[in-house]
Participant: 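My questions all concern the structure below.
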Amino acid sequence: MNKILSKIVLIFTLLVGFHANAQEIPSPMSPPRLVNDFAGLLNETEWNRLESKLRAYNDSTSTQIYIIVVNDLLGYDIADYAFRVGEKWGVGQKGKNNGVVIIIKPKVGNERGQAFVAVGYGMEEIIPDAITKRIVDQEMIPSFKQNSYYQGLDAATDVIIDLAQGKYTADQYQNSESPIAGIIFIIIFFLIIILSMRKHNRTNSSSLGKSVPFWIAMSMLGGSGRSSGFGNFSSGSGSFGGFSGGGGGSFGGGGAGGSW
């Protein structure tokens, strides 16, 4: 009888503890935003740049990419934490389930840093688990090891957006060293052309402008798109408007993560 009672007490304790943990999953920051940095990991400029890019993508496609930075996973496995946040916050649109949740737990003391990318049901074919694993391992963790969190998140979200827009397929990304490599090659190629033209036209200071219009040269150098589109947003956390938060999307276990 005592053994049965002990088991009942143990089960009840576990259920109460589980319920208490579940209640601790944070709510979205207010006002609603796509970059929710509860750990103060990003500075204001970095936050603005990521928020503006993800907000513009959300506005044009309805696909929501949430970045969530926390110092504590509340005892959850990071994958479980990501799925719970995605469900609680309703990331993505109801019916489309086109949401992506990027969870970052920075390295604190002797604890390893962890990252996880969870995708909604509607994104699993576009960004399968093997691809999310590559995004974490190739785009995020190398930068995170250098404490360059913005660079890692910027690169990862660029790849996710490019995949979702069909700029290249998951197989093409999987089989490439990096989608950024081609962009770097193009930039270097055009820099060589511009420098060569300047060398041959030193006597005419305006020859470069006549040969290559300024707006074309700038578009060549800005090919990666990472610094474009931010001019419409002023700095400061109160500069964004018109975003109401998650749209009721669901998550079913798609995604992958890693640690450093």
Participant: Using modelled atom types and a 3.5 Å cut-off, is there a donor and acceptor pairing between side-chain atoms of E46 and backbone atoms of N43?
Facilitator: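 The answer is yes, because a donor-acceptor pair under 3.5 Å joins these two groups.
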Participant: Compile the donor-acceptor pairs under 3.5 Å between side chains in residues 126-133 and protein atoms, sequence neighbours left out, one pair per line.
Facilitator:
from, atom 1, to, atom 2, distance (Å)
D129, OD1, G255, N, 2.8
T132, OG1, D129, O, 2.7
T132, OG1, A256, N, 3.3
K133, NZ, G257, O, 2.7

Participant: Could you give the distance from CD1 (I104) to CG (D37), rounded to the nearest 0.5 Å?
Facilitator: 10.5 Å
Participant: Closest heavy-atom contact between Q151 and S148?
Facilitator: OE1-CB, 3.2 Å
Participant: T157 and I102: side-chain contact (heavy atoms from CB on, under 4.5 Å), yes or no, with the steps?
Facilitator: CA-CA 9 Å; T157 50; I102 300 174; 3.9 Å; yes
Participant: When rounded to the nearest 0.5 angstrom, what distance separates OH in Y173 from CD1 in I160?
Facilitator: 9.0 Å
Participant: Under a 4.5 Å cut-off applied to non-hydrogen side-chain atoms, are V91 and I65 in contact?
Facilitator: no
Participant: Looking at every non-hydrogen atom in both residues, tell me the closest pair between M123 and A164 and how far apart they are.
Facilitator: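 That would be CE-CB, 4.1 Å.
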Participant: Hey, what do you get for CZ (R33) to CG (L50), rounding to the nearest 0.5 Å?
Facilitator: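 Spacing of CZ (R33) from CG (L50) equals 13.0 Å.
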Participant: Between CZ of R55 and CG of N48, what distance do you get to the nearest 0.5 Å?
Facilitator: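 These two atoms lie 10.0 Å from each other.
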Participant: Can you list every ring pair (Phe, Tyr, Trp, His ring centres under 6.0 Å) pair that touches residues 26-45, not counting sequence neighbours?
Facilitator: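 Passing the test, one end in residues 26-45: no pairs.
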Participant: Any sub-3.5 Å donor-acceptor pair from Q172's side-chain atoms to T169's backbone N or O?
Facilitator: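 At least one qualifying donor-acceptor pair exists.
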Participant: Rounded to the nearest 0.5 Å, what separation is found between the CD atom of E124 and the CZ atom of F251?
Facilitator: 9.5 Å
Participant: Looking at every heavy atom in both A156 and I135, which two are closest together, and how far apart are they?
Facilitator: CB-CG2, 3.8 Å
Participant: Do you know the tightest heavy-atom contact between V159 and Y168?
Facilitator: CA-OH, 3.6 Å
Participant: What residues, two or more places apart in sequence or in another chain, satisfy ring-ring contact (aromatic ring centres under 6.0 Å, His included) together with F144?
Facilitator: Y149, W260
Participant: Could you tell me whether the side chain of K53 and the main chain of D154 form a donor-acceptor pair under 3.5 Å?
Facilitator: yes
Participant: Once side chain to side chain contact (heavy atoms under 4.5 Å, CB included) is applied, do any residues pair with Q93, and if so which ones, sequence neighbours excluded?
Facilitator: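 Q93 satisfies side chain to side chain contact (heavy atoms under 4.5 Å, CB included) with N58, S62, Q64, K96, N98 once adjacent residues are dropped.
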Participant: Could you list all the ring pair (Phe, Tyr, Trp, His ring centres under 6.0 Å) pairs where at least one residue sits in residues 92-112, not counting sequence neighbours?
Facilitator: none
Participant: If I compare all heavy atoms of Y81 with all of L73, which pair ends up nearest, and what's the gap?
Facilitator: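 The pair with the smallest heavy-atom distance is CD1-O, 3.5 Å.
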Participant: Taking all non-hydrogen atoms of both residues into account, name the closest pair between E24 and L74 and its distance.
Facilitator: O-CD1, 3.2 Å
Participant: List the atom pairs, with distances to 0.1 Å, where a side-chain N or O of residues 106-121 and a protein N or O form a donor-acceptor pair under 3.5 Å, not counting sequence neighbours.
Facilitator:
from, atom 1, to, atom 2, distance (Å)
E111, OE1, K105, NZ, 3.2
R112, NE, S259, OG, 3.4

Participant: Students often mix this up, so state it plainly: with edges at 30° and 60°, are the rings of Y66 and F243 parallel, tilted or perpendicular?
Facilitator: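 Rings of Y66 and F243: tilted, as their planes differ by 30° to 60°.
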Participant: Going by heavy atoms in the side chains, are S27 and K88 under 4.5 Å from each other?
Facilitator: yes
Participant: Once you round to the nearest 0.5 Å, how far does CH2 of W47 lie from OG of S52?
Facilitator: 9.0 Å
Participant: Among V100, T63, L34, D59, find the residue that satisfies the side chain to side chain contact (heavy atoms under 4.5 Å, CB included) test when tested with L54.
Facilitator: L34
Participant: Under a 3.5 Å distance rule, please check whether N36 uses its side chain to pair with a backbone N or O of P28 as donor and acceptor.
Facilitator: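 No, the answer is negative, given that no donor and acceptor are paired below the 3.5 Å cut-off.
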